[in-house]
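Working notes, beginning with the structure itself.
Since we're looking at a predicted model, the values are computed, not measured. Counting starts at 1 for both ligands and their atoms, following the listed order.
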Amino acid sequence: AQKSTVHVALFPSSGMGHLTPFLRLAASLAAEEDVRVTFIAAHPTVSLAESHALSSFFTSFPQVIPKQLCLLPLNESSSDTDDPFYRHYEAIFLPISRAINLPNYVFFTSSARMLTLFMSFHRIFVAKAMPGSQDNEDVIEIPYQEPIPVSWFPPPLLEEEDNFLKNSLTQNGKSMIDADGILINTFHEFEQDTLTELNSTKMPRGLPPAIAIGLLPPANFGESHSHPSAWLGDQPVGSVIYVSFGSRTAMSREQIRELGVGLVRSGVRFVWMVKSKKVDQEDTEDLEDVIGQNLAMATSGGAANGIAVKRWLNQSEILGHPAIGGFLSHCGWNSVTEAVWHGVPMLAWPQHGDQKINASLVRRAGIGIWEESWGWGERDAVKGVEIAERLAEMMRDEWLKARAATMKEAARAALGLGGLKALLAEMRPSGARL
Ligand code: BUP
């Protein structure tokens with residue numbers, strides 16, 4: 001066997017939104033003959049989905065070396081967040097310090113556009129404190145980048161008081177300068193201008209290169225999660241919308257009911273992944289308690305125009321099914337990349353965090369509709385009738401379909417030309433470690 005010339009250790013933060021792209025990156029690296037991969041995972045995980053994904057991954061990729069970082073219990077009174085995923089992140093990263101003398105790369109798990117905010121956030125606050133530095137109160141100027149509308153900012157970032165998200169973005173944004181490079185799961189055709197700006201010589205000195213390594217292909221490992229393939233197999237090509245708001249969004253009960261009304265009313269065929277609690281172990285209610293008995297019966301017995309399930313589904317596999325023709329999504333970055341990878345048009349409905357910024361990219365690329373007036377999906381519930389209209393509008397839009405197909409081709413063509421190969425090529429002769 002060829003000797004490993006590069007040894008890469010990967011260490012993700014908490015939640016499926018981070019773990020998924022790290023596992024995809026590990027799978028891509030492990031496919032290189034001369035690369036050795038170590039995967040460090042914090043133990044215990046917050047969600048069952050994470051522990052299942054890790055064990056299936058290690059079974060399917062025995063060549064990847066598993067390491068566990070056992071977490072010490074966190075002193076809850078000293079934490080400034082009650083979000084279980086953020087608490088986990090605190091427990092992971094408090095004891096960590098930079099490995100001396102090793103090349104150190106950050107794998108940023110959102111869009112390049114979000115990275116511009118992430119890296120500039122600490123400077124934006126300085127700018128905001130200076131009277132007159134804001135030309136327009138509706139947008140926030142990002143140094144050397146396109147301004148971002150205030151309404152796209154995750155709400156905690158706009159609060160006066162300190163909070164977990166603000167503090168960690170400020171701190172981590174500043175320390176990005178210490179990295180040797182920033183890897184992003186994106187590709188040039190999708191975020192050309194931002195990637196060019198990020199790597200431009202106009203940027204403040206000392207910023208590491210932003211390297212587009214995507215789109216990382218979905219990795220096939222472990223059991224195929226049971227998915228409604230029998231039902232999907234009976235539906236016409238491109239006729240079904242997949243509905244999911246990611247692994248960390250718990251919609252209000254009222255909004256879930258309105259969504260159910262909208263799906264049925266639209267007449268569009270659907271597969272709906274229903275979720276009512278942030279952490280999966282706590283999501284123990286029956287489907288009928290969440291969406292109502294009538295709808296639960298109709299959607300499980302074939303009487304409605306779709307099916308609803310309340311369990312983890314293999315989303316990427318479903319998006320790749322020929323029957324799928326649309327995706328109602330919160331626009332978590334992995335979901336966006338999976339929709340692009342499979343050429344599925346989107347109806348964007350961001351719920352928190354980076355998702356409005358990601359939704360703006362979906363809209364700009366012409367691969368989806370974003371109804372901005374729906375807000376963050378937290379206040380007054382959006383009515384079913386309105387949801388039905390947008391769903392039907394998105395599903396009949398031929399232009400979106402054509403754009404999504406073009407973007408899919410571009411994503412697949414970018415594979416192999418990507419920054420990851422270039423990065424490895426640069427490291428091999430020196431035997432450097434990542
Ligand atoms: Br739910 C669910 N099956 O049933 P995002 C999610 N996923 O495969 P998030 C499934 O989890 P952040 C399910 O395909 C994607 O790869 C999905 O990541 C997969 O959103 C991942 O889309 C979810 O980035 O994370 O989980 O809300 O908060 O980081 O956006």
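- Where the criterion is an N or O separation shorter than 3.5 Å, residue side chain and backbone included, S335 meets it with respect to ligand 1.
- For atom 2 (C) of ligand 1, the nearest non-hydrogen atom of the protein is W312 CZ3, 3.3 Å.
- Aromatic ring pairs are classed by plane angle as parallel below 30°, tilted from 30° to 60° and perpendicular above 60°; the pair F57 and F61 is parallel.
- When heavy-atom distances to ligand 1 are checked against a 4.0 Å cut-off, K275 has no atom that comes that close, whether in backbone or side chain.
- Counting only heavy atoms of the protein, atom 24 (O) of ligand 1 lies nearest to N334 ND2, 2.9 Å.
- Between L313 and ligand 1 there is a heavy-atom distance shorter than 4.0 Å.
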Check residues 325-336 and write down every donor-acceptor pair under 3.5 Å in which the side-chain atom is one partner and the other belongs to a residue at least two apart or another chain.
| residue | atom | partner | partner atom | Å |
| --- | --- | --- | --- | --- |
| S329 | OG | C331 | N | 2.9 |
| H330 | NE2 | G332 | N | 3.3 |
| W333 | NE1 | N185 | O | 2.9 |
| N334 | ND2 | G17 | O | 2.8 |
| S335 | OG | Q315 | NE2 | 3.0 |

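- Relative orientation of the F39 and F22 rings is perpendicular, given thresholds of 30° and 60° on the angle between their planes.
- Close contacts of ligand 1 with G332, meaning ligand atoms under 4.0 Å from a residue heavy atom, involve 5 (P), 20 (O), 22 (O), 24 (O), 30 (O).
- Nearest non-hydrogen protein atom to atom 29 (O) of ligand 1 is G17 CA, 3.6 Å.
- When non-hydrogen atoms are compared, ligand 1 lies under 4.0 Å from the side chain of H330 (C-beta onward) but not from its backbone.
- For CZ of R403, the number of neighbouring non-hydrogen atoms (other residues, nucleotides, ligands) closer than 6.0 Å is greater than 12.
- Between R311 and ligand 1, not a single N/O pair is under 3.5 Å apart.
- The nearest non-hydrogen atom to atom 26 (O) of ligand 1, considering only S316, S247, A49, comes from S247.
- The nearest heavy-atom contact from the protein to atom 15 (C) of ligand 1 is E338 OE2, 3.4 Å.
- T196 pairs by the side-chain contact (heavy atoms from CB on, under 4.5 Å) definition with Q192, not counting sequence neighbours.
- The contact set between ligand 1 and M273, taken as ligand atoms under 4.0 Å from a residue heavy atom, comprises 1 (Br), 4 (O).
- At a heavy-atom distance under 4.0 Å, only backbone atoms of W333 (N, CA, C or O) approach ligand 1.
- Checking K278, K275, H352 one by one against T249, the side chain to side chain donor-acceptor pair (under 3.5 Å) holds for a single residue, H352.
- For a threshold of 3.5 Å applied to N or O pairs, the pair formed by R248 and ligand 1 contains at least one separation below that value.
- Rounding to the nearest 0.5 Å places CD1 of I184 at 12.5 Å from CZ of R113.
- Cation-pi geometry between K356 and W376 is met: the NZ or CZ atom falls under 6.0 Å from the ring centre, inside 45° of the normal.
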Determine, stepwise, if the pair F108 / F118 fulfils ring pair (Phe, Tyr, Trp, His ring centres under 6.0 Å). CA-CA 10 Å; F108 189 72; F118 194 88; 5.1 Å; yes
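- A salt bridge links E32 with K421: at least one charged nitrogen is closer than 4.0 Å to a carboxylate oxygen.
- Salt-bridge formation is detected for the pair K401/E398: a Lys NZ or Arg NE/NH1/NH2 atom is positioned less than 4.0 Å from an Asp or Glu carboxylate oxygen.
- Under 4.0 Å from ligand 1, heavy atoms of Q315 appear from its side chain as well as its backbone.
- For atom 21 (C) of ligand 1, the closest non-hydrogen atom on the protein side is T20 OG1, 4.0 Å.
- Polar contact with ligand 1: absent for S244 (N/O pair, distance under 3.5 Å).
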